[in-house]
Structures are given as C-alpha cells and as structure tokens.
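Structure first, commentary second.
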Amino acid sequence: MLYESDYCTMDLFDVSSNIFDKEEALMDEWVPGELPEREEELEQISMAFKRSVRSDKRPRNVFLYGKSGQGKTVAIEYVLRELDNTFQTIDKKLTVIKSTLQGSNTSYQAVGKILTELEEDTHSPPKGHSYDDLTYRMFNALDDIGGYAVIVLDEIDNLGTDDDLLYDLPRAPSNGRLENTEVSVVGISNDFNFREKLSPKVKGTLGEVDVRFNPYDATELQTILKQRKEIAFQDGVVDEDVIPLCAAYSAQDEGAARQAIKLLYTAGELASNRDADSVTTDHLEKAKDRLEHELIRDGLDGLTTQERATVLAVASLEVQDKTPAKTKEVYPVYRWIIDNVGYEELTARSIHDKLTSLNTYNMVSAYENSGGVRGGTYFTFDLGNIDAHELLDVCANADYSLSETADEIPITTRQSRF
DNA sequence: TCTCCACAGGAAATTGGGGGTT
DNA sequence: AACCCCCAATTTCCTGTGGAGA
C-alpha cells in the first residue's frame, strides 16, 4: 500500500491524541526492557546455560511450557541475548537457530523447517525426500557451524505424538552424527500436557531443565498492565478502576498477559475514538464485548466446514436448552446441517473426534460423565463460555457455506436461555 | 455376582493428495 | 514415464470400561 502524505493529512486522522502517549507499548511486538513478573523463570533458564560458560560442556536442553501469552518466548530470547554477550567476552561462538513449528505436524516437516534456517539456498521446506535424507542434511549443516548451537523450537506441541525429531536431535552427539558442534535444544510448548504425552526416553533428554510458566494471577497482571499503562497512556487518563478490572477479567480467562494488554488497548482506542478525556470501565466493558465477538469470529474462521457444522449443531442444541449433549444427540443435528449445505456426511466416530478436538481449541467444552443409565463413562458437550446466540449470529453473518443454514437454526426457543 | 450395554478412544486400513528422483 | 516418499482425514474394526439390572 502506498501512503501519499500529501493527500492524507490531519483532516482525516487527528494525530494528537488526548488519550495515548506511546501506544506502541500496547502492541504485540513491544518488548519491555524488563520482565517484572518472570524473574524466577529467567533465573531457572539461565542456570541451564551457565555450565557452558564455565566449562566446555554444551548447555542443558531446556523445556519451557505454559499457556500462550505467558512470556515464554520473550524469556528465552532475553536469556539467549545475554548468553551471546557473555560468550563474546570469553571468545566462544554461539549460534541460535529459531524455528516455529506452527504448521509442522510431523518430525519430517519440522526438520524441513529447520533446514530452511540452516541451509542458505533452501528457502522452503524440501519435500519428496526420505526423513533420513533430511536429517542427514540437517546434521551436516549443524556440524558445519562449529562452536555452540542452540536450536529453539517454538510451539513444539504441534508435533503431537510424532517425537522422532525430539528423539534424534538430543542424541546426535552420542551417535557420532555431530563432531564439531555442541548442540542443545530449547523446546517451547503451549500445551501443559504435551510433556506428559512424550515417551519417557524423550522426556528425559529433552527436559533436562523444565521450566513451567504458570498463568499470571490478577495481581501480577496488574503489575504488568501498570507498567505498560505508564508508557502508553498520558498521565491520569486511565480511570483508577480500569486496570484492576482489566486484570481480573484476563485472570479469569487463561491469565494471558497478551490478552489483558489487548483489552486495555482496545478500551483506550474506544475512548480515543469517542474523544473522551479518560478511559473508563464503561470503555473496558465495550472493549470486552468486542473482543469476545472477535474471538468467536477468529475461532470459526480457523475451522473446516465439517467442524463448523459440528459447532453449529452444538449451538443449535444449546439454543434449545438441550445443552450438555452426548455425541449421539449432536450427531443427528450435525447431519441435518451438513445435508442442508450439501456436504458429505461423516460418520459418528469422526464427529466424536471433531468434538473432542474442538474442545481443545476452546470452541466447545467437554464434560466427562460416569454412570448414567447404561454405565461406562461418556462425554457431554456444550459451548462453554461462548454465547450460543452470538455464535449463531456471527456464523450467519459470515461468509461460510453454511451461513444460511445457521440462520435457519430453530428460532423457536431462542429466548429460553437465562 | 455376572452380564451387558453404550460409549470412549486406539490401531490399522483406506482414500486421494502433495511432491520428489532417475 | 516409472517409481519413490510423505501426508492428512476418514472409516472400519476393535478393546476397555463401570454401573444397571438380572
């Protein structure tokens, strides 16, 4: 996009804000000079690297886990930067290879991605070769680096149960696949359970040092929000109650700092757009509504049509107050919906899988039940925190193939909730 | 106590792709 | 062109579970 400053002057966008001072401090990319509530974690991480400063040993492998928005990535970057500085003073060479495994569901794809970082003329993950070919290339490239190499694998939980890479990588030196380079691995996972799902042999080698990032509580969030507020807003424009309330909301919901900051930012924007002279709790409430709406929207956007139909089926039941429903109850509704759109029907077994995976994306909530009329354990599903009417609304107004169907979903009992 | 139901979820096979090398 | 490698989404088949009712 081209910006012609000649045409786009202050007529349209009032440059001076009476709300914001440096609003950059509320943006995602902003890296604060210090991490006020993560000192303990920083210390734990740096311990893992210290032995490579003292001796010739490679740093320990580190495994960081905790929900998203807890500062894991920032923390490791912070520590590695410091380590690099130290290494320079003692004349050691440090190479950091960072790779986000988003979209890499298998070890194969992950190795491909790492190769794009390692090999200069490889710009997209290679395909069509065997896994062994790729790992061979990877270890060759690593061995060429020399010195110390730290491989940071972000969102490592994308690998699921395929832990070949996590098995091969830490073992390379003892297998004689690496001779000149000391390699260690930093794994970052958003999934608390991922570590448990790993096979024991991998858990041991990868998790030489485990650092757990617990969700921030309301008090910690307040500290963080205050820090940002001081920089981002003009003095005194944020009402006293806003920060505590903002922190409280976000603490309930995952305790993610990123979310809390976004909420505050949105509230500030609302206030600014309305030419208010202060940010009030009213703005915050509005911001919260808007973000919730966006969350549903983004959630639905990331789903396939089949998954959307499944969510829609649950929503439909929720609207009729038949909510925590078993797969068996959801399935006929799903079939009705999918037939309506003319897509192929999947089996009940697949819908059962869809429902459980939607649960992990937080689009539906699953509850485990035991007993019942016919023994065993079974799950029931509902929409959890999401408001069914709002979801139907969003879906009907979006541009999905089943938007029209969403509009048709039984309106009869729509008012029956609450 | 035993059986049996109805569900959860694992494993393997199937389907229908993507893309290589030689 | 012939042959190889990798993959995700499903379906099919199957085993495990625990309380209700015999």
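Lettering follows sequence order; numbering is per chain, from 1.
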Quiz item: Charged N to carboxylate O under 4.0 angstrom, A:Lys226 versus A:Glu230?
Solution: no
Exercise. Using the six-membered ring of A:Phe233, assess whether NZ or CZ of A:Arg228 lies under 6.0 Å from its centre and within 45 degrees of the ring axis.
Key: no
Quiz item: Base, sugar-phosphate alone, or nothing: which one does A:Glu345 contact when heavy atoms must sit under 4.0 Å apart?
Solution: sugar-phosphate
Quiz item: Nearest to the side chain of A:Lys328 - C:dT10, B:dC7, B:dA8?
Solution: B:dC7
Practice problem: Specify the separation, in whole Å, of atom OH of A:Tyr331 and atom C1' of C:dT11. | Solution: 11 Å
Quiz item: For the side chain of A:Thr106, counting heavy atoms from C-beta on, which of B:dG9, C:dC7, C:dT10 is nearest?
Solution: C:dC7
Quiz item: The side chain of A:Lys326 lies closest to which of these nucleotides: B:dC7, B:dG9, C:dT11?
Solution: B:dC7
Practice problem: Grab the CG-C1' distance between A:Asp132 and C:dC6 for me, whole Å please. | Solution: 13 Å
Exercise. Kindly point out which of C:dC6, C:dT11, B:dC7 is positioned nearest to the side chain of A:Thr347?
Key: C:dT11
Practice problem: Give the rounded distance in Å between these two atoms: CD of A:Glu344 and C1' of C:dT11. | Solution: 11 Å
Quiz prompt | Separation of atom OH in A:Tyr334 from atom C1' in C:dT10, rounded to whole Å | solution = 11 Å
Quiz item: Should the ring pair A:Phe20 and A:Tyr265 be called parallel, tilted or perpendicular, given that the plane angle runs from 0 to 90° and is split at 30 and 60?
Solution: perpendicular
Quiz item: Could you give the CD-to-C1' distance, from A:Glu368 to C:dG18, as a whole number of Å?
Solution: 12 Å
Quiz item: Hey, does the side chain of A:Thr327 come within less than 4.0 Å of B:dA8's phosphate (OP1/OP2), counting only N and O?
Solution: yes
Quiz item: Where the side chain of A:Arg60 meets the backbone of A:Val209, is there a donor-acceptor pair that is under 3.5 Å apart?
Solution: no
Quiz prompt | Lys/Arg N to Asp/Glu carboxylate O, A:Glu119 vs A:Arg137, below 4.0 Å | solution = yes
Self-check item: A:Arg297/A:Glu294 ion pair, N-O < 4.0 Å
Solution: no
Quiz item: Taking atom P of B:dG9 as reference, at what distance in whole Å does atom CD1 of A:Ile351 sit?
Solution: 15 Å
Exercise. Round to a whole Å and report the spacing from OH of A:Tyr378 to C1' of B:dC5.
Key: 13 Å
Quiz item: Using a cut-off of 4.0 Å between protein heavy atoms and nucleotide atoms, how would you tag nucleotides 10-22 of chain B 5' to 3' with B, S and -?
Solution: B---------SS-
Quiz item: Would you say the ring centroid of A:Phe213 lies under 6.0 angstrom from that of A:Tyr65?
Solution: no
Exercise. Could you state the atom-to-atom distance from CG of A:Leu303 to P of C:dA8 in whole Å?
Key: 18 Å
Quiz item: Taking the side chain of A:Phe379 as heavy atoms from C-beta outward, which of C:dC6, B:dG9, C:dT10 is closest to it?
Solution: B:dG9
Practice problem: Could you work out which one of C:dC6, C:dA8, C:dT10 sits closest to the side chain of A:Gln109? | Solution: C:dA8
Quiz item: Side-chain N or O of A:Ser350 less than 4.0 angstrom from OP1 or OP2 on C:dT10?
Solution: no
